[in-house]
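Input: a single structure, listed below in structure tokens.
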Amino acid sequence: MLRLHDTALGRTTELEPREAGRLGLYICGSTVYGPPHIGHGRFSLVYDVLRRYLEYSEVDVEHVSNVTDIDDKIIARANEERRSSEEVAELYEAEWWEAMDTLGCLRPTRVPHATAYIEQMVELIAGLVALGVAYETSDGVYFTVSAVGDYGLLVHQSLDSLRSGARVEVNEEKRSPVDFALWKKAKPAEPSWRSPWGAGRPGWHTECVVMSLALLGEGFDLHGGGQDLIFPHHENERAQAVAIGKRFARHWMHNGMVEARGGEKMSKSLGNVLLLTELFERTDPRAYRLLVLQSHYRAPVEVTAATLGDAESALGRLDALSSRLVEAAAADEGASDLVSASGSTEDAGARVRSAFVEKMNDDLDTPGATAVLFDAIRRANVAFDTREQSRAMELTRAVLECFGAVGLIAAGTVEIPESVLELGRLRDFARSKRDFAAADTLRDEIYALGYIVEDTPGGTRIRR
Ligand SMILES: [Zn+2]
């Protein structure tokens, strides 16, 4: 079972889903006001790796990630570019998905848009006002943070220390500097929606609490996002759920940031923001996934020409091994027709798989897991060199399967859906029982799905 560092607990704990075999995951997604940069790429990769690994572990993942399509930054960009906020949001959302597809990130199973949930947000805010934990001012509606006894749980700070650290604001109507906006009254010419407090729009923190509860239900399994969202965003989401009396996320997970040029934080003001489109011009997008995998998800990732270069050459070793397997499999064709390799070589692959799983289950230790796989790559190459063909192939298959489990696909191989691989395994089983009629039926089924079956000494091989 996967163990994860839970931000609320401040330690690693077993990830216990509400319902065995299923996991509801809510990840704060993008505010679509500009092109995505490598920081966005990193968090998307981290949660893509988590999701893929859970699916590899036969957990059914409901992955919800929102799009914030109304926000101050979107309005500012719309004014700058002299177009509507909708147009700005649509344009940058399209860019977002294009970049995520290039990175090989699976699309979330649900993508709620903030503007589609305004009614429910108004309802929540009205409920909070009715409970006396929110109040109206001349520019909006604010949440009374002191109403939540354990406020500061995620950031591990007391309300007093948060209050003294808060930025002093000009807004004198706010009762405390930590109180936050639930509703923002519209300024002239701003896009707005109707509410009991006049025309306006919801605050960002209200958006995520409403959409996560609406789509995943109370006490959903895991809420994630970048470490920069712990406070105030996630603390404030949670505060609203607590105040309205709803059970919120069971577990909290946060990923580290991206650093450029020797530990420097990437930021617009430092002028070191690297867009994903710029990254794709420089390097194979898979190299970025590998770089992210080689760093622990809670640690910062240093993205420089040197670290990307190292990841690219490591990727080259994976691709080269994959080609050796393709060549070896081709050479084997028409030779012996054994269903599976001998026990000892299967063990070599099984040992790689279990070492990989052990590392991954330990708070997604992807640096440890990739080290296991690169060691297996080295041993597979030695086995190929010494003509221990079946051992080499078994090791290589294990490496490709494990990298595939975290979304890293070797060049020349096509990602084959798990459902098709399962048919292949059933076919191996049928052949091992000498039930050739069943094996042929399964081959036809696989063919009908667009894949070709090849018989190799290692078992059924499936190609697109
Ligand atoms: Zn959020």
Side-chain angles (χ1 to χ4, degrees), residues 6-8 23-34 36-37 39-48 50-51 61-74 89 92-93 96-97 100 105 107-118 120-125 128 143 145 148 151-155 178 180-184 201-244 246-257 297:
D6 185 321
T7 311
L23 188 119
L25 173 66
Y26 186 90
I27 305 300
C28 290
S30 58
T31 300
V32 281
Y33 73 98
H37 55 66
H40 299 125
R42 196 230 175 150
F43 93 74
S44 300
L45 284 166
V46 163
Y47 296 105
D48 185 65
L50 169 72
R51 170 179 166 187
V61 181
E62 174 95 73
H63 172 196
V64 180
S65 191
N66 64 307
V67 167
T68 299
D69 55 352
I70 187 66
D71 167 270
D72 289 339
K73 293 182 197 123
I74 296 174
Y92 290 113
E93 186 181 342
W96 174 272
W97 295 122
M100 296 309 142
C105 292
R107 298 262 181 124
T109 46
R110 306 284 295 268
V111 181
H113 287 66
T115 54
Y117 286 82
I118 307 266
Q120 289 96 314
M121 296 181 210
V122 168
E123 210 175 289
L124 170 69
I125 298 166
L128 293 169
F143 184 86
V145 162
V148 175
Y151 190 82
L153 178 93
L154 295 176
V155 73
V178 285
F180 58 90
L182 299 167
W183 187 259
K184 297 177 176 187
R201 64 197 148 86
W204 179 38
H205 313 312
T206 300
E207 178 188 317
C208 284
V209 68
V210 164
M211 295 191 293
S212 58
L213 288 171
L215 293 175
L216 293 170
E218 271 194 67
F220 65 90
D221 298 306
L222 181 61
H223 194 323
Q227 282 166 356
D228 54 338
L229 298 188
I230 298 174
F231 187 83
H233 183 51
H234 287 165
E235 199 72 58
N236 289 350
E237 280 184 35
R238 189 184 162 274
Q240 293 166 80
V242 169
I244 206 80
K246 292 201 170 173
R247 272 173 299 119
F248 204 45
R250 293 166 66 91
H251 298 283
W252 292 86
M253 169 177 171
H254 291 95
N255 64 277
M257 301 288 103
Y297 76 88

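We count ligands from 1, going down the list as the structure has it; atoms in each ligand are counted the same way.
For the Zn ion (ligand 1), the count of nearby protein N, O or S atoms, meaning those under 2.8 Å away, is 3.
With contacts defined as side-chain heavy-atom distances shorter than 4.5 Å, the pair P112/V64 qualifies.
Salt-bridge check for D6 with R250: failed, with every basic side-chain N at 4.0 Å or more from each acidic carboxylate O. Ion pair D72/R201 flagged as a salt bridge, since at least one NZ, NE, NH1 or NH2 atom sits closer than 4.0 Å to an Asp/Glu carboxylate oxygen.
Between H251 and H223, the distance from one ring center to the other does not fall under 6.0 angstrom.
Side-chain contact, H205 with H234: no donor N or O sits under 3.5 Å from an acceptor N or O.
By the side chain to side chain contact (heavy atoms under 4.5 Å, CB included) test, V242 pairs with V148, R238, sequence neighbours left out.
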